[in-house]
Protein chains: 2
Amino acid sequence: MSEAANRRQATFVSAEEVARLAGVSRSAVSRAFTPGASISVETRQRVEAAAAQLGYHVNHLARGLMRHESGIVCLVVADIHTPYLSRLLDYLSRALQEAGKAVMVLNAGRATKNVEAALRQTLNYRADATIVLSGTPYRSIARQCLESGQRLILINRDDHFEQTVGISVDHAKAAQTAAMLIRRGGYRRPALVSSGIGTPSLNARRDHFLEALRMADLTAQVWEGGPTAYQSGFQAGTELMTLPEPPDAVFAVTDLLACGVMDAVRQRFNKRVPDDIGVIGFDDIDQASWSSYDLTTFSQPVEAITAYTVRMVEQKSAEIQASSRTFEAPLIWRSSLRATLP
Amino acid sequence: MSEAANRRQATFVSAEEVARLAGVSRSAVSRAFTPGASISVETRQRVEAAAAQLGYHVNHLARGLMRHESGIVCLVVADIHTPYLSRLLDYLSRALQEAGKAVMVLNAGRATKNVEAALRQTLNYRADATIVLSGTPYRSIARQCLESGQRLILINRDDHFEQTVGISVDHAKAAQTAAMLIRRGGYRRPALVSSGIGTPSLNARRDHFLEALRMADLTAQVWEGGPTAYQSGFQAGTELMTLPEPPDAVFAVTDLLACGVMDAVRQRFNKRVPDDIGVIGFDDIDQASWSSYDLTTFSQPVEAITAYTVRMVEQKSAEIQASSRTFEAPLIWRSSLRATLP
DNA sequence: CTGAAAGCGCTTACAG
DNA sequence: CTGAAAGCGCTTACAG
């Protein structure tokens, strides 16, 4: 730290000061920090030395203003503490950083109103792209994002906007597989457990599951309620088991729900999994592989989603166009479901 | 959307254009969006109408440049997908937003090198404050943050920097309580389980636990290894139980480790908790209350930490000074530990 | 209460 | 390769 820096106290040093110390123009300083700019090795080194001495850091606010590119990517998300979303957030934020972006997180909740406020902030900071993981934006504000040249990427939202990139998971196929596996395991009285939230993803899993069962002349008991959490699953398990005809297999639309179901069924009703009752989940959260659960489930294609998202963020704004891409959620076979007839 | 907005395509509207449409000066537009600025109700309304019509959003990049306050708060964090950190991130991001801040997440890992890159970005975006949840910053870069007038808040880092706000948890008290409870439950052969990561927090819990035991003339077996995860706990449980003198009580420095220990001990060695072996954890993650575990543990004071952090972020830069604050982690009594002698 | 003007810290044609 | 100048989109004294 130079004397000068110490005297300045609580202030950032500017390119101007660096230029003075290095004995060059402001332009030269700028070029020294712009990859590919035409500058001689010698002046670049002089600038770098002066910058290091003064503790100079390019002001990205000003740079963004000139370049019309802030370098910021916004993530609109709710329920960050949830296993699946926190994993997605982890992957996404790391990958975006590696691509040179700064990631801003907007903890928005699902309420459309909050999502709108989040998108507004996205516009305020001139984000290069915004990625919506939860909630559904108003059409009007979404359009403003697009018209401002912002890339808009919706993950598992199932709403279609023009010029928007949609990324989703093949819920239909997974749900059909779940139905098939339950039949193949010789289970006779399937049930579906979901939360009362009804996001597009959860509803798709439910509907395709019930439909697949119907094709095989089976009907399922449906339990829906509460938030998408362990406790709801526990309650579901408890209530289903006290029915006159309790189910012998459960497709829980989320692993968190599945864990709750398993615990209720085993601990309160002394049933064995998978013999008395089979359970299958969705997400493949860490806990699904814990030996207390060892849950058969479908794995969220987090890596594929992340890689594709980064590609979309990096595309030139001229190339922006509506697209939608679906990734498969592969089955993870574990022990919570009987494989064949008993 | 006005015709004009449609024609502009992929460009943000500026205060200039709003001023023209509203028939006022640029200054008036600025005042309309500055709480407390002196402006008549009438012109404010005219401006607001014009802004809405054009889809205007104040450019926070430019505003930050003038105000010398970006409104951005950075969170430097690793292992976002982990239950405790994702919860802290959830609380912190929400509270900071409610305080009017934009939160930037820097997924840094623990490596000092990465932390340095993260802090550099923090400076690039002229963040008002940066909060370090993981890893330890170099002194030099930390000083640059402070000298630039940035507030620097370290949570559970235990390193002391001048002018830095330190927030930590009373690990000593919790660890002593753990030792005391194990003795009171009549356990004779305690063990300590930790990861091989050795963060200041984990080490503090370990050292104070061992120290408290030593005061009571007890020694503990120590198992340390792997990342701070379920699998490490499972391995610890497995290896400890195959010892010639296996422990009858375990203080796992983290709930994730504790869950792993419990599963290994019960499923692979058919031991009962808490009768054959008592387990106590730390963090009170969601899974600790799941009925498969029902883990006695200490609750991370996430709300208190969050509230205090926001207060520190909001303090005037003139008031910045070193401080450190410790919050207690209250015991959550559940069933994984015997309460009294058998 | 209001507008003209200066300035925040950068980048980028434009000449040389 | 280099510098002087214009300009990005705002805010804030300064007069009126």
Side-chain angles (χ1 to χ4, degrees), chain A residues 8 10-48 50-51 54-72 102 123-128 148-149, chain B residues 8 10-48 50-51 54-72 102 123-128 148-149:
Chain A
R8 234 179 313 86
T11 286
F12 283 90
V13 352
S14 68
E16 180 80 59
E17 306 174 56
V18 176
R20 210 148 43 211
L21 180 60
V24 298
S25 69
R26 302 159 113 274
S27 323
V29 177
S30 183
R31 292 193 185 101
F33 292 100
T34 303
S38 81
I39 184 173
S40 69
V41 236
E42 206 213 306
T43 60
R44 151 167 287 131
Q45 283 170 351
R46 284 240 298 281
V47 170
E48 276 169 356
L54 295 175
Y56 171 71
H57 297 265
V58 178
N59 185 331
H60 280 27
L61 267 31
R63 168 177 280 185
L65 210 51
M66 285 304 299
R67 291 236 247 255
H68 289 283
E69 244 196 36
S70 63
I72 296 173
L123 290 168
N124 284 136
Y125 280 96
R126 301 303 193 249
D128 298 338
S148 307
Chain B
R8 231 177 316 85
T11 287
F12 284 89
V13 352
S14 70
E16 180 80 59
E17 306 174 56
V18 176
R20 211 147 42 210
L21 179 60
V24 298
S25 69
R26 301 159 114 275
S27 324
V29 176
S30 182
R31 291 192 184 102
F33 292 99
T34 304
S38 81
I39 185 173
S40 69
V41 236
E42 207 212 306
T43 60
R44 153 167 285 132
Q45 284 170 351
R46 284 240 298 280
V47 171
E48 278 168 355
L54 296 175
Y56 171 71
H57 296 265
V58 178
N59 186 332
H60 279 29
L61 266 32
R63 169 178 280 184
L65 211 51
M66 285 305 299
R67 291 235 246 257
H68 290 283
E69 241 195 38
S70 63
I72 295 173
L123 291 168
N124 283 136
Y125 281 97
R126 302 304 194 249
D128 298 339
S148 307

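Because the structure is predicted, anything quoted here is derived from the model rather than measured. Just so it is clear: chains get the letters A, B, ... in the order the sequence lines come, proteins before strands, and each one is counted from 1.
Not counting sequence neighbours, the partners of B:Arg26 by the salt bridge (charged side-chain N to carboxylate O under 4.0 Å, His left out) test are B:Glu16. Legend: residues meeting side chain to side chain donor-acceptor pair (under 3.5 Å) with B:Arg46, ordered by chain and number and at least two apart, are B:Glu42. Applying the side-chain contact (heavy atoms from CB on, under 4.5 Å) criterion to B:Gln45, with sequence neighbours excluded, gives no partner residue. In terms of the side-chain contact (heavy atoms from CB on, under 4.5 Å) criterion, residue partners of A:Glu48 (sequence neighbours excluded) are, by chain and number, A:Arg44. A search for side-chain contact (heavy atoms from CB on, under 4.5 Å) contacts involving B:Ser30 returns B:Thr34, not counting sequence neighbours. In this structure B:Ser25 satisfies the side chain to side chain donor-acceptor pair (under 3.5 Å) test with no other residue, sequence neighbours excluded.
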**OP:** Heavy atoms under 4.0 Å is the rule here; annotate nucleotides 4-13 of chain C 5' to 3' with B where the base is hit, S where only the sugar-phosphate is, and - elsewhere.
**Re:** BB-BBBBBBB
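Note that the CD1 atom of B:Ile39 and the OG atom of B:Ser27 stand 10.0 Å from one another [nearest 0.5 Å].
Considering only side-chain N and O atoms, B:Ser40 lies under 4.0 angstrom from the phosphate OP1 or OP2 of C:dT2.
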Original post:
Which string of ( ) [ ] | and . matches DNA chain D, if you list each base 5' to 3' and count Watson-Crick or G-U pairs only when both distances are under 3.5 Å?
Top reply: |||.||||||||.|||
Could you list the donor-acceptor pairs under 3.5 angstrom formed by side chains in residues 54-62 of chain B, with sequence neighbours left out?
residue: B:His57; atom: NE2; partner: A:Gln144; partner atom: OE1; Å: 2.6
residue: B:Asn59; atom: OD1; partner: B:Leu61; partner atom: N; Å: 2.8
residue: B:Asn59; atom: OD1; partner: B:Ala62; partner atom: N; Å: 3.3
residue: B:His60; atom: ND1; partner: B:Val58; partner atom: O; Å: 3.4

